[in-house]
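I have placed the structure first, in the form of structure tokens, so that the comments after it can refer back to it.
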Amino acid sequence: MSASSNGWPVVLLHGWPVTETHWQGLLPLLRRSGFASVPVALPGLGRSAGSAPSFRKSDLADCLGDDLSKRGLTRFSLVGHDWGGTVAFLLAAAMPQAVSAIVVEEEILPGIDIDIPAPGAEHYPSWHGPFNRAPGLAEQLVPGREDAYYGTFLRQSAGPPGLAPETVRSYIDAYTTDDALEAGLGYYRSRADDIADVQRLRENPIHTPVLAIGGRYAMGSAVADGLRTLSTDVTGLILERSGHYPAEQEPEPAAQAIIEFLRRHRDQPPH
């Protein structure tokens, strides 16, 4: 089906290290605008990794596509934040007939070499990627220090606008589990495979419409600029009072932009 009884399906994929709480400001506005929200927690991101075959983003996209097909969703839109943005983009590339539009929030896909502009470059962390990829390092240093590890990333990446303290606490708690660290590191340690998959997209860009949202105090215009190397149809948006979490830090303008974009493209024929 292309739409449920509740409206046009919108699949939402959050990133690391947050949970479905990231979408709490967007969900009621989507519902009131005639969309049926389908929040999905990717394996290991705030929930158990379960039997995930790997953390290669193309593998996760394939698994998600199979799951959505089993649910009867044959035509839908995608909204992805952080790693969810990479998975959403790869799913759209693999299933162009199914995906009407993509929103990518605060993600530069692996292998896309683009600088984050000021002021985001002064706030968005540069330490977590190399730290997470270093074999064995995080495993020795993080257990018992989750407040420092996740909390530091969340506070720095949110920039001056910040996140509510109770939200930061809930995210830290969600990732202080037996397998959360291992899974989270897996997302970063599949980098070589992810780069190879993204490189293939550079050679054959997708045509699905993309809305690229950046926070001024995080990735900013780099989100759209990076995606323009992978897609022929990219609309860029910078939210001026956001860091890495626009849907949380500026929920109403973020929701308005997302809803207008999805409305414009939901009835277009498949690409």
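Computed from heavy atoms alone, side chains included, the values below leave out hydrogens, waters and symmetry copies.
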[X] side chain vs [Y] backbone, donor-acceptor pair below 3.5 Å:
X    : Y    : value
R155 : G162 : no
Q140 : G136 : yes
D59  : S54  : no
S37  : P39  : no
E106 : M219 : yes

Taking the six-membered ring for Trp and the full ring for Phe, Tyr or His, determine whether the centres of [X] and [Y] are under 6.0 Å apart.
X    : Y    : value
Y149 : Y175 : no
H244 : H81  : yes
H22  : Y171 : no

Step by step, would you call L201 with L90 a side chain to side chain contact (heavy atoms under 4.5 Å, CB included)? CA-CA 9 Å; L201 290 182; L90 290 168; 3.7 Å; yes
So [Y] and [X], do their side chains get closer than 4.5 Å, heavy atoms only?
X    : Y    : value
H265 : S77  : no
Y217 : Q249 : no
P209 : T235 : no
F261 : L237 : no
V198 : F89  : no
I259 : L30  : yes
L42  : H14  : no
V103 : V10  : no

Side chain to side chain contact (heavy atoms under 4.5 Å, CB included) assessment of V99 paired with I206: CA-CA 11 Å; V99 181; I206 70 169; over 6 Å; no
For [X], does the [atom1] atom sit with more than 12 other heavy atoms under 6.0 Å from it, leaving out its own atoms?
X    : atom1 : value
R241 : CZ    : no
D113 : CG    : no
E252 : CD    : no
E182 : CD    : no

Please report the interatomic distance [atom1]([X]) to [atom2]([Y]), rounded to the nearest 0.5 Å.
X    : Y    : atom1 : atom2 : result
Q199 : E203 : CD    : CD    : 5.0 Å
E107 : I213 : CD    : CD1   : 13.5 Å
I116 : S221 : CD1   : OG    : 9.5 Å
E146 : I172 : CD    : CD1   : 9.0 Å
W8   : R263 : CH2   : CZ    : 14.0 Å
D147 : R169 : CG    : CZ    : 4.0 Å

Could you walk me through whether L13 and L64 pass side chain to side chain contact (heavy atoms under 4.5 Å, CB included), step by step? CA-CA 10 Å; L13 308 169; L64 176 60; 3.7 Å; yes
Looking at every heavy atom in both [X] and [Y], which two are closest together, and how far apart are they?
X    : Y    : answer
P246 : G214 : CG-C, 4.4 Å
A212 : A224 : CB-CA, 3.5 Å
G25  : P251 : CA-CB, 4.3 Å
L91  : G65  : CD1-CA, 3.8 Å
L29  : A255 : CD1-CB, 3.4 Å
L239 : A254 : CD1-CB, 3.7 Å

Shared hydrophobic cluster for [X] and [Y] (ILVMFWY, side-chain gaps under 4.5 Å):
X    : Y    : answer
I238 : V79  : no
Y188 : L141 : yes
L109 : I195 : no

Taking Y150 as the fixed residue, which of V18, V168, L181 is the one that meets the side-chain contact (heavy atoms from CB on, under 4.5 Å) rule?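 With Y150 as partner, side-chain contact (heavy atoms from CB on, under 4.5 Å) holds for just one option, L181.
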Do L45 and D82 pass the side chain to side chain contact (heavy atoms under 4.5 Å, CB included) test, and can you show the C-alpha distance, the side-chain angles, and the key distance before you say yes or no? CA-CA 11 Å; L45 296 185; D82 189 81; over 6 Å; no
Between [X] and [Y], is there a side-chain N and carboxylate O pair less than 4.0 Å apart?
X    : Y    : value
R189 : E139 : yes
D197 : R200 : yes
K70  : D67  : no
K57  : D193 : no

Test log, rule salt bridge (charged side-chain N to carboxylate O under 4.0 Å, His left out), inputs D194 and R191: CA-CA 5 Å; D194 293 336; R191 182 171 174 79; over 6 Å; no
I need the single residue from F55, F153, Y187 that forms a ring pair (Phe, Tyr, Trp, His ring centres under 6.0 Å) with W16. Which is it? F153
Given the ring of F76, does R71 sit roughly above its face, with NZ or CZ under 6.0 Å from the centre of the six-membered ring and within 45° of the axis?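 Not flagged: R71 not positioned over aromatic ring of F76.
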